[in-house]
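Chain letters run A, B, ... following the sequence lines, proteins first, then strands; residues in each count from 1.
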Protein chains: 2
Amino acid sequence: MARSAVTVEEPVRRRLLAEATRLFAERGFESTSVQEIVAAAGVTKGAMYHYFGSKDDLLHEIYGRVLRLQMERLTRFADAEGPVGERLYATAMDVVVTTVENLDDSKIFFRSMHQLAPETYKTVRAERRRYHERFRDLVIEGQRAGVFREDIPAEMVVDFFFGSVHHLGTWYSPDGPLSGQEVGRHFADLLLSSLGHPLGKTVS
Amino acid sequence: MARSAVTVEEPVRRRLLAEATRLFAERGFESTSVQEIVAAAGVTKGAMYHYFGSKDDLLHEIYGRVLRLQMERLTRFADAEGPVGERLYATAMDVVVTTVENLDDSKIFFRSMHQLAPETYKTVRAERRRYHERFRDLVIEGQRAGVFREDIPAEMVVDFFFGSVHHLGTWYSPDGPLSGQEVGRHFADLLLSSLGHPLGKTVS
DNA sequence: TACGATCGACCGACCAGTCGGTACGCTGTG
DNA sequence: CACAGCGTACCGACTGGTCGGTCGATCGTA
């Protein structure tokens, strides 16, 4: 009995993070008050400021979680074995799938990033940049190998693709007809074929 | 003298709209106070609430301006003469160029749209939807004509492309090395070649 | 085993400040 | 005189954040 009370109940800190994520994604960072967050988590402001330094800190924690997850998955797929075309295909698809699986995080990320304190903002941007660079290196590798077209800067291809991924939060719905896998496959097809790679399987 | 005072000086209403646009793009809608807007425009709150019903109304006016402009340009390019491939290429390029030319509007649009009052929000979404549909019809036309690949839903191609366009506000800078025309050409290339059309000029 | 000391977790009342919005007055022009 | 075009003064609601205090668990000691 005592054991179940301790282990089963979700800890307050985790609940605060979860509710904050939901509310930020729903109404935006600035439109969500600390009062609403603590009410949704079933605690008071005292509890929140016990676990987090500020409202900004809460947002920062959410970002940290997203960045760590994405970076870990990216490196795993990018550093795998096999031809660069297949690796980029798998990576692109995984990015879409994980984005769709954590759609709230994604919405918050691109909608409220600029609300962070300047210093925190720079840190997040820097981490995001490293992420993009790892992805870009894959594109460059394919260009050097002669399997991707070289007349468009890799940097721009990356911005082009991640724009689409980021936009997912605007239109994709888990209740819709498409699964994350399906969208991922289509997106990866579009990316590869825009790079002139046969894996994009254009019929032509 | 009296004439110049009337005709040369930029009218208050226009100044309010311009400053609001700048500030919303810079700090976001919720983080910009009415006080800051009127101060930047060199007037007081009385003036602002004389011309606009509310802060939301101000945002709505900005949206109306953007939507009218984009819709007008889209129809002009989409309804032109010539093969569908060339028309889509020109349309896509124009979308990028106008987005880059009004980058502040674009930033506001995708970052603060959800802050609108529910009813206004629906109106804006509906207009945006009509815009997407017109673009999608171009893709479908090309698919029926057999010049675009048909194994990816046109709807998704549109979301894919406009995601990239929307994302421009995040990374593009007018002070950077690339002109709007150049970005537009690259984006149009990527779009057309992802559709398997020769205008995407993949070297292969 | 008993019991005071100490700890983290959390509550709830409260603060100074800011927000969007309003009421009303003045002023120049037709 | 009438009325558009503003400025001034102010309101009530709400904000993020603080602070003193409570309560149960744990630990050192006898």
Side-chain angles (χ1 to χ4, degrees), chain A residues 1-21 23-24 26-62 108 112 114-121, chain B residues 1-21 23-24 26-62 108 112 114-121:
Chain A
M1 198 110 60
R3 189 175 47 201
S4 82
V6 170
T7 56
V8 167
E9 267 182 42
E10 209 176 1
V12 172
R13 196 190 134 91
R14 201 172 290 274
R15 240 162 50 213
L16 280 167
L17 264 179
E19 294 300 324
T21 303
L23 289 168
F24 287 165
E26 197 177 306
R27 310 176 206 185
F29 177 73
E30 295 284 335
S31 300
T32 304
S33 71
V34 174
Q35 205 60 246
E36 290 175 308
I37 298 171
V38 297
V43 291
T44 62
K45 283 215 273 187
M48 199 220 113
Y49 281 96
H50 176 73
Y51 288 108
F52 302 95
S54 63
K55 192 188 174 188
D56 265 64
D57 195 34
L58 201 50
L59 185 56
H60 190 198
E61 288 276 318
I62 295 175
I108 297 172
S112 310
H114 61 295
Q115 309 281 14
L116 284 166
E119 201 171 341
T120 315
Y121 182 67
Chain B
M1 197 111 61
R3 187 174 48 201
S4 82
V6 170
T7 56
V8 168
E9 266 183 42
E10 209 176 1
V12 173
R13 196 191 134 90
R14 200 172 290 274
R15 242 161 50 212
L16 280 166
L17 264 179
E19 294 301 324
T21 303
L23 289 168
F24 287 165
E26 198 178 306
R27 309 175 206 186
F29 177 72
E30 295 284 334
S31 300
T32 305
S33 70
V34 174
Q35 205 60 246
E36 289 175 309
I37 298 171
V38 297
V43 291
T44 62
K45 283 213 276 186
M48 199 220 111
Y49 281 96
H50 176 73
Y51 289 108
F52 302 95
S54 64
K55 192 189 175 189
D56 265 64
D57 195 34
L58 201 50
L59 185 57
H60 189 198
E61 288 277 319
I62 294 176
I108 297 172
S112 310
H114 61 295
Q115 309 282 13
L116 284 165
E119 202 171 341
T120 315
Y121 182 67

Asker: Taking side-chain hydrogen bond (donor to acceptor under 3.5 Å, both in side chains) as the test, write out the residues that go with Arg14(B), two or more places apart.
Answerer: none
Asker: For the residue pair Gly53(A) and Asp57(A), what are the closest heavy atoms and their distance?
Answerer: N-OD2, 3.1 Å
Asker: Taking side-chain hydrogen bond (donor to acceptor under 3.5 Å, both in side chains) as the definition, give me every residue that meets it alongside Thr21(A), ordered by chain and number, with sequence neighbours left out.
Answerer: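 Listed in chain order: Arg65(A).
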Asker: Enumerate, atom names and distances included, each donor-acceptor pair closer than 3.5 Å involving a side-chain atom of residues 35-52 of chain B, sequence neighbours excluded.
Answerer:
unit_1: Glu36(B); atom_1: OE1; unit_2: Ser33(B); atom_2: N; d: 3.0
unit_1: Glu36(B); atom_1: OE2; unit_2: Arg27(B); atom_2: NH1; d: 2.5

Asker: Rounded to whole Å, how long is the line connecting atom CD1 of Ile37(B) with atom P of dG21(C)?
Answerer: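 Checked: the CD1 to P distance equals 11 Å.
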Asker: Applying side-chain hydrogen bond (donor to acceptor under 3.5 Å, both in side chains), can you list everything that pairs with Ser31(A), at least two apart in sequence or on another chain?
Answerer: Glu30(B), Gln115(B)
Asker: Please give, in whole Å, the distance from dC19(C) C1' to Met48(B) CE?
Answerer: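 After rounding, the reported distance stands at 13 Å.
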Asker: Who pairs with Lys55(B) by side-chain contact (heavy atoms from CB on, under 4.5 Å), at least two apart in sequence or on another chain?
Answerer: Phe24(B), Phe29(B), Val34(B)
Asker: What pairs with Thr120(A) under side-chain contact (heavy atoms from CB on, under 4.5 Å), at least two apart in sequence or on another chain?
Answerer: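 Checked Thr120(A) against side-chain contact (heavy atoms from CB on, under 4.5 Å); matches are His60(A), Leu116(A), Ala117(A).
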Asker: Between protein and nucleotides 14-16 of chain D, what N or O pairs are separated by less than 3.5 Å?
Answerer:
unit_1: dG16(D); atom_1: OP1; unit_2: Lys55(A); atom_2: NZ; d: 2.9
unit_1: dG16(D); atom_1: OP2; unit_2: Val34(A); atom_2: N; d: 2.9
unit_1: dG16(D); atom_1: N7; unit_2: Lys45(A); atom_2: NZ; d: 3.1

Asker: My understanding is that only residues two or more places apart in sequence, or in another chain, count here; which of them pass side-chain contact (heavy atoms from CB on, under 4.5 Å) with Glu26(A)?
Answerer: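 Per chain and number, Glu26(A) pairs via side-chain contact (heavy atoms from CB on, under 4.5 Å) with Arg22(A).
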Asker: Quick one: which protein N/O atoms are closer than 3.5 Å to N/O atoms of nucleotides 4-6 of chain D? Pair and distance per line, please.
Answerer:
unit_1: dG5(D); atom_1: OP2; unit_2: His50(B); atom_2: NE2; d: 3.2
unit_1: dC6(D); atom_1: OP2; unit_2: Tyr51(B); atom_2: OH; d: 2.3

